[in-house]
J.: 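Sharing a structure below in structure tokens format, with a few things to ask.
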Amino acid sequence: MTPQEFVLLLMSVLASVAGQFFLKAGALKLGRVNVANTINHILSIVTIPELLLGLTCYALGALAYILLLTRVNLSVAGPSISLVYVFSVLLGYFIFREAIPLVRLAGLSFIVLGVILVVWQK
């Protein structure tokens, strides 16, 4: 992976993680959805800035990913984008104070190792 390709991957991952952060922050403002308030909650999405910002970040992440796909094989880009999962769990831990059980930590380690093996070039 060239430095330019790595930058596109990093932009896609970071924008997607930022999107998840803002969607979670907006969802906390939105509150719990149930059958009685579903329609009101769906309509409220457009009034919560964090949700709109989260969707915008996702769009920017998708754009960077599309640009990455013009340069890198899907068999490399696809697994590499799974780093979003790793950073999302870390974001949940540090920002939202969510626990990371040992089993989840092991799973994240496998993801990181898998990405290293996929992008490794001799």
Side-chain angles (χ1 to χ4, degrees):
M1 188 172 285
T2 68
Q4 295 87 3
E5 294 162 353
F6 182 75
V7 168
L8 284 172
L9 173 65
L10 191 61
M11 287 171 46
S12 180
V13 168
L14 292 178
S16 297
V17 171
Q20 288 194 14
F21 167 76
F22 287 116
L23 289 178
K24 175 65 175 179
L28 291 173
K29 282 187 172 181
L30 191 62
R32 217 175 244 282
V33 177
N34 57 45
V35 174
N37 66 11
T38 302
I39 300 300
N40 285 338
H41 274 58
I42 291 171
L43 296 174
S44 296
I45 288 174
V46 297
T47 65
I48 298 175
E50 290 87 350
L51 293 176
L52 296 175
L53 188 55
L55 293 172
T56 301
C57 287
Y58 264 141
L60 293 173
L63 181 62
Y65 186 65
I66 292 166
L67 295 175
L68 179 66
L69 288 173
T70 66
R71 304 173 63 112
V72 176
N73 290 339
L74 180 60
S75 61
V76 173
S80 298
I81 207 72
S82 67
L83 291 174
V84 170
Y85 303 130
V86 176
F87 290 116
S88 295
V89 170
L90 295 175
L91 185 72
Y93 176 78
F94 288 111
I95 303 294
F96 297 110
R97 301 292 177 215
E98 298 173 357
I100 305 177
L102 194 55
V103 172
R104 189 171 305 149
L105 196 58
L108 294 174
S109 300
F110 284 125
I111 290 172
V112 171
L113 180 62
V115 170
I116 290 170
L117 292 174
V118 165
V119 300
W120 189 275
Q121 293 179 349
K122 291 184 179 183

J.: Just verifying a value: how many Å separate Ile116 CD1 and Ser80 OG, rounded to the nearest 0.5 Å?
T.: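 Here the rounded value is 10.5 Å.
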J.: Could you tell me whether the side chain of Asn73 and the main chain of Ser75 form a donor-acceptor pair under 3.5 Å?
T.: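 No: the side chain of Asn73 does not pair with the backbone of Ser75.
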J.: How close do Gln20 and Ser88 get, heavy atom to heavy atom, and via which atoms?
T.: OE1-OG, 2.5 Å
J.: Not counting sequence neighbours, which residues clear side chain to side chain donor-acceptor pair (under 3.5 Å) with Glu5? List them please.
T.: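 Expected list: Thr2.
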J.: What pair of heavy atoms forms the shortest contact from Ser82 to Val115, and how long is it?
T.: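 For Ser82 versus Val115, the nearest heavy atoms are OG-CG2, 3.6 Å.
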J.: Hey, what do you get for CD1 (Ile100) to CZ (Phe94), rounding to the nearest 0.5 Å?
T.: 7.0 Å
J.: Hey, which of Val13, Val7, Leu14 is the one that makes side chain to side chain contact (heavy atoms under 4.5 Å, CB included) with Met11?
T.: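 Per the side chain to side chain contact (heavy atoms under 4.5 Å, CB included) rule, the option paired with Met11 is Val7, out of Val13, Val7, Leu14.
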J.: Can you tell me how far the CG atom of Leu9 sits from the CD1 atom of Ile81, to the nearest 0.5 Å?
T.: 5.5 Å
J.: Could you pull out the closest heavy-atom pair between Phe22 and Cys57, with the gap in Å?
T.: CD1-SG, 4.1 Å
J.: Are the side chains of Phe21 and Glu50 in contact, using a 4.5 Å heavy-atom criterion?
T.: no
J.: If you round to the nearest 0.5 Å, how far is CG of Leu30 from OG1 of Thr47?
T.: 8.0 Å
J.: Nearest 0.5 Å please: distance from the CG atom of Leu60 over to the CG atom of Leu55.
T.: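 CG of Leu55 is found 11.0 Å from CG of Leu60.
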J.: Below 4.5 Å, heavy atoms only, C-beta onward: do Leu108 and Val112 meet side chain to side chain?
T.: no
J.: Within the distance-only criterion (no hydrogens, no angle test), does the side chain of Ser12 pair as donor or acceptor with the backbone N or O of Leu8 below 3.5 angstrom?
T.: no
J.: Between the side chain of Asn40 and the main-chain N/O of Leu43, is any donor-acceptor distance below 3.5 Å?
T.: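 Flag not set: sc Asn40 to bb Leu43 has no pair under 3.5 Å.
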J.: Please say whether more than 12 non-hydrogen atoms of neighbouring residues, nucleotides or ligands are located less than 6.0 Å from CG in Leu102.
T.: no
